[in-house]
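The structure appears below as structure tokens.
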Number of protein chains: 2
Amino acid sequence: MKIDPNSSADLSAQIAQAIRDAIVNGDLIVDERLPSESELADHFNVSRPTVREALKRLAAQSLIRTQRGAAGGAFVNRLRFEDAYSQQITTSTLLLSMNAVSFETACEARYALERACAPLSAQRRTADHLATMRAEIVRQSQPGLTDEAFCASDVAFHRALVDGAGNPVLSYHLAGAVEAMQPLMNMITFTARSREAIVALHSRIADAIEAGDGAAASAGLTALEEETLKLGQTVFAERQRKERPAAN
Amino acid sequence: MKIDPNSSADLSAQIAQAIRDAIVNGDLIVDERLPSESELADHFNVSRPTVREALKRLAAQSLIRTQRGAAGGAFVNRLRFEDAYSQQITTSTLLLSMNAVSFETACEARYALERACAPLSAQRRTADHLATMRAEIVRQSQPGLTDEAFCASDVAFHRALVDGAGNPVLSYHLAGAVEAMQPLMNMITFTARSREAIVALHSRIADAIEAGDGAAASAGLTALEEETLKLGQTVFAERQRKERPAAN
DNA sequence: AGACTTTTAAATGTCAGACAAATAAAATCT
DNA sequence: AGATTTTATTTGTCTGACATTTAAAAGTCT
């Protein structure tokens, strides 16, 4: 594990990268203890605060965890799906809000990805997933609900749909796509009539999932995408210019 | 922007979270300058090294960038898709390697997500995307290629397919799913015969994309998934136990 | 006056040394 | 043997200092 003495980058960034590489390459394995901060400082010929800055960078990515005390130190962390979810959601949310991604583009991506889960979910969902979907539909039908609560319930419904596929890798990738749209959805005022339409489509999708009919579930998602798009266009009309040319 | 004095967490983690929240909530906008390290230290009543550790955490997530010099400081960074790609790929790769995700599960997720892109790509791909796909097919047909180079070309082919959809949000989400499988694919020894089968399927997919036939492209991907699975099962037979129950 | 050079000030990057707090292991005591 | 105390190790935090970079201000020359 070496760093380039000619590099112009921060020492702490270089050290973090060296350790990160060692983890990704498998030179450091899960739960392995890194040398102490002092030892790392000696090894890289830097001071302890510099080493600490490097370790904090890695901790921010959940690549290591630290423990105080005699047998403490920094350990290679097993990156769990739950940890990755929250990072994924934060990153996805910021990507949308900072890059002037149009509502249409975000919507298209979200529903395309969800349709990829629908057939698997129709095949594999447990009774629990279905119950969650039904429960959220009931919640969404209550008249007193705020727009925020309606959106949160919408997310919960779709999460259950996605998780029904029983594939944690899919759930991980979808988490960002679904949750990152919530801030955008929160900007939409849902009339009683539009809520009714959405809830009806949710029921249609839940029915298809219950029946094990993946194609029908996909069709329901497509209809929901159109409905969502229609609602969004009235709100986000001014944004629809500059992001498609910058695609990729 | 406050921190909880009763929390047991590290001060630098708390401060990073406070600033992160401010960015996500829009209290700090892109390119806005944060107070200097000394000012932040005064504000949060901590020392400068502690503030620096917090800032390094944020820098590791590309949420801020720093600049030295008189008009320097820490600035809220516009999170770009390219920056997010590499983080996404690192995270996805580690998720697979550290959680004993079966080859089947990873494969299923990848191809399900790719099929979501196929119809859009068939509709919108530029001549450039198609040319890249064709060029990679030619490269893959060359006999002298190492397994690693074959896999790298495979990734490039699929990236072109995904990017053809012209939706940067989709490309972002797919980047992890596609690239994270490369280490697994690298463990497979491709016989001349299996390469032939893969290249034939790639051609079939490219033809469908060229013809604008999304359904045919999806079908080609399904066939490719089956072929890939077949190859992988001989290598990864021992792994197929414990990850499905731990789903989600 | 205008262009060039020098100086200055502000900010991050790095270092050294110290102490606090947590914690596991070793030593001690009952 | 079991409970308690001590000790050593390690991370967390602070203070203060100096190095380096950089933009702006001040000064100088034509």
Side-chain angles (χ1 to χ4, degrees), chain A residues 1-20 22-23 28 31-78, chain B residues 1-20 23 28 31-77:
Chain A
M1 225 160 41
K2 293 254 170 76
I3 59 175
D4 175 14
N6 301 326
S7 170
S8 62
D10 291 355
L11 287 174
S12 69
Q14 290 179 62
I15 292 167
Q17 190 60 52
I19 299 175
R20 183 164 26 241
I23 293 173
L28 293 169
D31 292 335
E32 185 171 344
R33 184 182 176 282
L34 286 123
S36 73
E37 294 175 352
S38 308
E39 288 168 337
L40 285 171
D42 288 347
H43 175 65
F44 288 114
N45 252 295
V46 298
S47 65
R48 194 159 82 93
T50 301
V51 168
R52 283 183 60 80
E53 288 178 10
L55 294 180
K56 294 315 166 198
R57 289 179 191 262
L58 299 173
Q61 296 178 304
S62 305
L63 296 185
I64 62 167
R65 63 177 185 277
T66 54
Q67 209 174 358
R68 295 172 74 165
F75 298 84
V76 178
N77 194 37
R78 158 164 279 122
Chain B
M1 225 159 41
K2 292 254 169 76
I3 60 176
D4 175 14
N6 301 326
S7 169
S8 61
D10 291 355
L11 288 174
S12 69
Q14 291 180 60
I15 292 167
Q17 190 59 51
I19 298 174
R20 184 164 26 242
I23 293 173
L28 292 169
D31 292 335
E32 183 170 346
R33 185 182 175 283
L34 295 170
S36 73
E37 295 175 351
S38 310
E39 287 167 336
L40 285 171
D42 288 346
H43 175 65
F44 288 114
N45 252 294
V46 298
S47 66
R48 192 158 85 93
T50 300
V51 168
R52 283 183 61 80
E53 288 177 9
L55 294 179
K56 294 316 168 197
R57 289 178 191 263
L58 299 173
Q61 297 178 304
S62 305
L63 296 186
I64 62 168
R65 62 177 185 277
T66 54
Q67 211 174 358
R68 297 173 71 164
F75 298 83
V76 178
N77 195 37

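In the text below, chain A, chain B and the rest are named by the order of the sequence lines, each starting its count at 1.
- Taking only distance into account, the side chain of Arg68(A) never meets the base of dT10(D) through a donor-acceptor pair shorter than 3.5 Å.
- Note: CZ (Arg33(A)) to C1' (dT9(D)) measures 9 Å, nearest angstrom.
- Rounded to whole angstrom, the span from the CD atom of Gln67(B) across to the P atom of dG13(C) amounts to 10 Å.
- Comparing dT13(D), dC15(C), dT12(C) by their closest approach to the side chain of Leu11(B) singles out dT13(D).
- One cannot find a donor-acceptor pair under 3.5 Å joining the base of dG17(C) and the side-chain atoms of Arg48(A).
- With the nearest nucleotide of DNA chain C identified for both Ala70(B) and Ser12(A), Ala70(B) has the one nearer the 5' end.
- To the nearest angstrom, P of dT14(C) lies 17 Å from NZ of Lys56(A).
- A sub-4.0 Å separation between OP1 or OP2 of dT9(D) and a side-chain N or O of Ser36(A) is absent.
- Contact between the side-chain N/O atoms of Arg52(A) and the OP1/OP2 oxygens of dG12(D) is found at a separation under 4.0 Å.
- Using a 4.0 Å heavy-atom cutoff across all strands shown, Arg65(B) reaches no nucleic acid atom at all.
- For the pairing with Leu63(A), the side-chain contact (heavy atoms from CB on, under 4.5 Å) check across Leu28(A), Leu55(A), Asn77(A), Leu58(A) returns one residue only, Leu58(A).
- Salt bridge absent: Asp10(B) and Arg68(A) never bring a charged side-chain N and a carboxylate O closer than 4.0 Å.
- Taking 4.0 Å as the cut-off between side-chain N and carboxylate O, Asp42(B) and Arg48(B) do not count as a salt-bridged pair.
- For the pair Phe75(A) CZ and dT10(D) C1', the interatomic distance rounds to 10 Å; values are reported in whole Å.
- In this structure, Ile15(A) places its CD1 atom 13 Å from C1' of dC15(C), rounding to the nearest Å.
- For Thr66(A) and dG12(D), the shortest distance from a side-chain N or O to OP1 or OP2 is below 4.0 Å.
- In this structure, Phe44(B) places its CZ atom 18 Å from C1' of dG12(D), rounding to the nearest Å.
- Nearest to the side-chain atoms of Asp10(B) among the listed nucleotides dA24(C), dT15(D), dG12(D) stands dG12(D).
- Going from atom CD of Glu37(B) over to atom C1' of dT21(D) covers 14 Å, rounded to whole Å.
- Look at CG on Asn45(A): it is 14 Å from C1' on dA16(C), rounded to the nearest Å.
- Residues Arg57(A) and Gln17(A) have side chains that never bring a donor and an acceptor to within less than 3.5 angstrom of each other.
- Closest to the side chain of Ser47(A), from the set dC14(D), dA16(C), dA23(D), is dA16(C).
- Contact between the side-chain N/O atoms of Thr50(A) and the OP1/OP2 oxygens of dC15(C) is found at a separation under 4.0 Å.
- Nearest approach of Ala22(A) to Met1(A), heavy atoms of both residues: CB-SD, 3.7 Å.
- Residue whose closest nucleotide on DNA chain C sits further toward the 5' end, between Ala74(B) and Val46(A): Ala74(B).
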